[in-house]
Amino acid sequence: MKSIILIGYMGAGKSTIGKALAQKRQIPFLDTDIWIEERQGKKIAEIFADEGEEYFRKLETNMLKELKEKVQTHVIATGGGLPIQAENQILLKEIGVVFYLEVKKETILIRLNGDKSRPLLLGEEKEQKIERMLKIRHPIYQQFADFCISTDEKNVESVVEEIEKILENHTDFRR
Ligand code: S3P
C-alpha cells in the first residue's frame, strides 16, 4: 500500500495531524525533519546555520530517494519547503497520496508565536516573510496535492476525520 503524505506551510499541523492519523490507521508515522535531524545529529536550525539552506534541500531530496526504496505505508509529514522542488514532487507522487493542509497567515502567526526552530522565519518582519512565501507556495501546494484540506479553526480530530473520509473512497486505502 502507498503512504499518506501531508504537505503544507509551517504551522499547518502536519506533524500533529500526521501522528493522530497514523495512530488511527495503525501504521507508522515519519516526520521528514526529524529523520534529517537524526541522520545529521543536528537540529534543522543548526543545519541551516552551519551548512546553509541549499545543503538542507539536498538532504531532503536524498531522503526521499531513500524513502522511496525502503519505506512502506507510512503517514509522512513533510517539511514545508520540501514539495516545492520539482524533483521532490515526482518522488512524493511515487511514494503516496498527497494531502495539502492549508492554513492562513493569521493562523500561522498564532501557532508559531515565539517559535525559534524555523530558520526561515527568524528575525524581523515575520508576517511579511510568511505572506511572501505563502504567495509563492500556496499555488504550488494546491496544484501538486491530490487533496486540499483547510485546517484553520479546526481541531486535530476533525482534520483526521476529513482525511479518513477521503481515504475511504480511495481504492488504495479503503479498509
Ligand atoms: C521549512 C519548513 C520546516 C523545515 C525547515 C524549512 C520550509 O518544516 O523543514 O525549517 O521551508 O518551509 P515544518 O514545515 O515542519 O515547520
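In listed order, ligands and their atoms are each counted from 1.
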Enumerate donor-acceptor pairs with a distance under 3.5 Å from any side-chain N or O in residues 12-29 to protein atoms, sequence neighbours excluded.
from, atom 1, to, atom 2, distance (Å)
Lys14, NZ, Gly8, O, 2.8
Lys14, NZ, Thr78, O, 3.2
Ser15, OG, Asp31, OD2, 2.6
Lys24, NZ, Glu161, OE2, 2.5
Arg25, NE, Glu164, OE2, 3.0
Arg25, NH1, Phe173, O, 3.1
Arg25, NH2, Glu164, OE1, 3.2
Arg25, NH2, Phe173, O, 3.4
Gln26, NE2, Gln23, O, 2.9

Flag yes if more than 12 heavy atoms outside Gln142 fall under 6.0 Å of its CD atom; otherwise flag no.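 Buried by this count: over 12 neighbours within 6.0 Å.
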Give the protein residues with at least one non-hydrogen atom closer than 4.0 Å to an atom of ligand 1, ordered by chain and number.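 Close residues (ligand 1, cut-off 4.0 Å): Met10, Lys14, Asp33, Ile44, Phe56, Arg57, Gly79, Gly80, Gly81, Arg118, Pro119, Leu120, Arg137.
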If you measure only the distance, is there a donor-acceptor pair under 3.5 Å linking the side chains of Tyr100 and His138?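 Yes - a donor-acceptor pair under 3.5 Å links their side chains.
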In residues 89-98, what donor-acceptor pairs under 3.5 Å come from side-chain atoms, sequence neighbours left out?
from, atom 1, to, atom 2, distance (Å)
Gln89, NE2, Pro83, O, 2.8
Lys93, NZ, Phe144, O, 2.7
Glu94, OE1, Lys68, NZ, 3.2

Lys154 pairs by side chain to side chain contact (heavy atoms under 4.5 Å, CB included) with which of Val160, Leu101, Val159?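 Among the candidates, only Val159 passes.
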Partner set under salt bridge (Lys or Arg N to Asp or Glu O under 4.0 Å) for Arg39, not counting sequence neighbours: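 Partners of Arg39 under the salt bridge (Lys or Arg N to Asp or Glu O under 4.0 Å) test: Glu66.
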